[in-house]
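Since the model is a prediction, treat every value here as computed from it, not as a measurement. In what follows, chains are A, B, ... by sequence order, proteins preceding strands, each numbered from 1.
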Amino acid sequence: MEAALGLMRRIHPKHSETALSALLSLLPEHSSDLLSQVDQPLQVLCDIDTGKEFILCESPWSNKYHPPLEDGPTPSSELRKLEIEANDIFAIYRDQYYEGGISSVYMWEDDNEGFVGCFLIKKDGSKLAHGRRGYLEEGAWEAIHVIEVGPEEEGMAHYCLTSTVMLSLTTNEESAGTFTLSGSIRRQMSMDLSVAEGHLCNMGKMIEEMEGKMRNSLDQVYFGKTKEMVCTLRPPAELVQMRLPDK
Amino acid sequence: MADEETELSEKQKKEIAKWFLLNSPSGEIQYVAKDVRSVLKDDNAYNLAASEAFPIYNKTHMICLEMPGRLGDVLITSFAELDENEYLDPRTAQVAMVNHIKQICTEVRPASDEELPSAYIEEFRCALDAEVLKYVSEAYPKGVCSVYCTSGKDVEGPGSDFELVVVISATRLSPQNFCNGSWRSTWHIEFKDELQVVEVRGKMQVVAHYFEEGNVQLDANHECSDSTIFQSPDDIAMTIANIICHHETEYLTTLQESYSNLPDNTFKDLRRKLPVTRTLFPWQNTMQFSLTRDITKELGIGK
């Protein structure tokens, strides 16, 4: 299992689906572990009744909580109300940060008298889709936020958030060639919060903070490290510039 | 998914292992090999896969191996390949025997006359090698380069076309910092005798992998071309080295520009730092959104 995760950490993110299915066929006995620890790209379907697009949640919840499953658990009416509200509000949140994209929220009761909320966002930022500025030849952002909410005790609840962001962006200009950055990171955060303002408010704030941190970390740390690497390989030295001929 | 488990055949296992090995990031194939071996649990299949994948990987990644006897480094490239395990180092006129899987050079032998270019070609090749070597040692802290003759190596004098290829390969491995990367460039230089021109075509490929608590990879590549007039070996060598230097320096600048465009332009098309409202989302006031929804619902408008 450790070796399998090691491979997932090395193989190029664009090949992660192929790598995962290869590992599943080699290690069928670890399939549930693999599915819960490796995130796969999100899939979008269209609801026939309403004509609205929604995100299908494949991993790590596919077996248990996928709504189309006949025997899949459906939330209680109270939780279903929260789920509807969360979908509406999260769509507004998504629009303000993403200027497009699709989002879906799923909720279900868990075995510990609490519940789980799964917030999904998928954005195609390429210039042919929702890329407002038209910089990206290809650009995909997918965020998966799974938040476990513990039972309410004395007006407080424990929230545990696990977030994954997968992204890839490509620019392609004749003078600059193709430039692609892609990757995925996963982070966790736990908090005990008063439920006075409601679960949705608490979950939303945590997700917003987490997304901000992850975006920043991808931008500053992850992309920054690859840039550092380029400059280590071939330092932009003034010396070399000076040697340039009159050309 | 795991309901109908069917045991994979050895051939299928080999193909899976080979796929993982071939898709290893620069400098990471040995780590991938270790993990693949342990998930495969089939040494036969692994050995088959390794014997097929390593030579291909070593050549595409243009790895550099140390030759015994302080002869320097030899680059493993398709241009240098005499035999699957024999690679020519034109600078020392030695042939390196290579163990692909261990990624080492086991022994060397002097190249035979048939394996080397004619004296006429060698004059051009050697002059260009000296100039490129000078440039690479200044521009790349850990760069290795080699110049091969890929066509017309037996041309004895003026009157025929020939082609030289310059390969530059620089790899930086820093697994303790979870970061590896490589820069590879290949320059095809066609000497066209009749037209008295020299056509230059270059391809640069830069990759980087950062994997501390995540997996982020850069892939960048660029192709360009240039040309100059046919000159004496020493003059043309200097001109070509300058052309290469110019294009590579320019490319590095555009790479840096791509990076500096990220935060405010490129990345913004995926997700903004702040909402369009420029303030954090009003989670505590979402009642207003809910109210709007209730009203629209009551009035029977909306979707």
Side-chain angles (χ1 to χ4, degrees), chain A residues 3-4 6-7 9-13 15 22 25-28 31 50 85 88-89 92-93 96-98 123 125 131-133 135-136 139 141 167 169 171 176-185 197 201 204-205 208 215 219 222-223 225-227 229-230 232-234 236 239-240 244-245 247, chain B residues 1-2 5 8 16 20 23-25 28 31-32 35 38-40 138-140 170 172 179 181 183 206 208 210-211 213-222 242 245-246 249 252 254-256 258-259 262-263 265-272 275-277 280-281 283-284 286 289-290 293 303:
Chain A
L7 288 171
R9 213 157 57 120
R10 296 194 186 273
I11 222 75
H12 197 285
H15 295 311
S25 63
L26 285 174
L27 305 166
S31 59
T50 61
E85 193 184 352
D88 285 352
I89 295 188
I92 302 167
Y93 164 85
Q96 292 197 355
Y97 272 101
Y98 291 86
K123 160 95 186 263
R132 291 296 156 96
R133 291 152 201 90
Y135 289 112
L136 293 171
W141 169 290
L167 87 171
L169 56 92
T171 55
T178 343
F179 176 87
T180 304
L181 282 165
S182 46
S184 71
I185 59 172
E197 304 241 42
C201 176
K205 279 182 181 167
E208 184 174 22
R215 185 199 188 278
D219 190 10
Y222 285 83
F223 294 171
K225 288 283 180 184
T226 64
K227 182 185 180 189
M229 175 52 78
V230 174
T232 319
L233 289 166
R234 194 188 189 287
L239 260 175
V240 184
L244 271 178
K247 186 170 163 50
Chain B
M1 195 163 298
E5 284 169 29
L8 293 173
I16 291 175
F20 274 108
N23 283 292
S24 310
E28 297 180 31
Y31 299 95
V32 169
D35 287 342
S38 94
V39 296
L40 209 59
E138 282 169 22
Y140 296 85
R172 196 75 164 211
C179 205
W183 175 303
V206 187
Y210 180 62
F211 51 101
E213 289 183 68
N215 177 0
V216 171
Q217 310 205 9
L218 160 77
D219 294 282
N221 50 70
H222 183 42
N242 279 331
C245 169
H246 168 77
T249 309
L252 183 71
T254 62
L255 273 179
Q256 288 178 298
S258 297
Y259 272 110
L262 275 174
N265 299 332
T266 336
F267 208 167
K268 207 173 181 177
D269 264 356
L270 287 185
R271 186 193 184 272
R272 303 170 59 94
V276 279
T277 56
L280 290 179
F281 192 76
W283 292 102
Q284 54 279 65
T286 50
F289 301 128
S290 309
R293 199 195 67 230
K303 62 179 181 224

Inset, instruction - Compare all side-chain heavy atoms of B/Leu8 with those of A/Ser25 and state whether any distance is below 4.5 angstrom. - result: yes
Inset, instruction - Measure B/Leu218 against the heavy atoms of chain A and call it side chain, backbone, both or neither at under 4.5 Å. - result: both
Inset, instruction - Verify whether one side chain among B/Asn221 and A/Thr178 offers a donor that lies under 3.5 Å from an acceptor in the other. - result: yes
Inset, instruction - Check for a donor-acceptor pair, side chain of A/Lys123 on one end and backbone N or O of B/Asp269 on the other, with a separation under 3.5 Å. - result: yes
Inset, instruction - Evaluate the side-chain proximity of A/Ile185 to B/Asn215: yes if any heavy-atom separation is below 4.5 Å, no if none is. - result: no
Legend entry - Contact check, side chains of A/Val230 and B/Leu252, non-hydrogen atoms, under 4.5 Å: yes
Inset, instruction - Would you mind checking which part of B/Val206 comes under 4.5 Å of any heavy atom in chain A, side chain (CB onward), backbone (N, CA, C, O), both or neither? - result: side chain
Inset, instruction - Using modelled atom types only, decide if a donor and an acceptor are shared between the side chain of B/Asp219 and the backbone of A/Thr180 within a distance under 3.5 Å. - result: no
Legend entry - Sub-4.5 Å side-chain heavy-atom contact between A/Tyr222 and B/Glu213: yes
Legend entry - Between B/Thr254, B/Thr266, B/Leu270, B/Val276, the one whose heavy-atom pairs under 4.5 Å with chain A are most numerous: B/Leu270
Inset, instruction - Kindly say whether B/Arg271 contributes a backbone atom to a donor-acceptor pair with the side chain of A/Arg215 at under 3.5 angstrom? - result: yes
Inset, instruction - Report yes if some heavy atom in the side chain of B/Gln256 is under 4.5 Å from a heavy atom in the side chain of A/Pro236; otherwise report no. - result: yes
Legend entry - Student check: side-chain heavy atoms of B/Phe281 and A/Gln96 closer than 4.5 Å: yes
Inset, instruction - For residues B/Leu280 and A/Glu208, determine if any side-chain heavy atom of one lies less than 4.5 Å from a side-chain heavy atom of the other. - result: yes
Inset, instruction - Answer yes or no for A/Arg9 and B/Phe211: cation-pi contact, defined as NZ/CZ to six-membered ring centre under 6.0 Å and angle to ring axis within 45°. - result: no
Inset, instruction - On the 0 to 90° scale, with breaks at 30° and 60°, tag the A/Tyr93-B/Trp283 ring pair as parallel, tilted or perpendicular. - result: tilted
Legend entry - Interface residue of largest heavy-atom contact number with chain A, from B/His222, B/Arg172, B/Gln217, under 4.5 Å: B/Gln217
Legend entry - Centroid-centroid distance, B/Phe267 to A/Phe223, less than 6.0 Å: yes
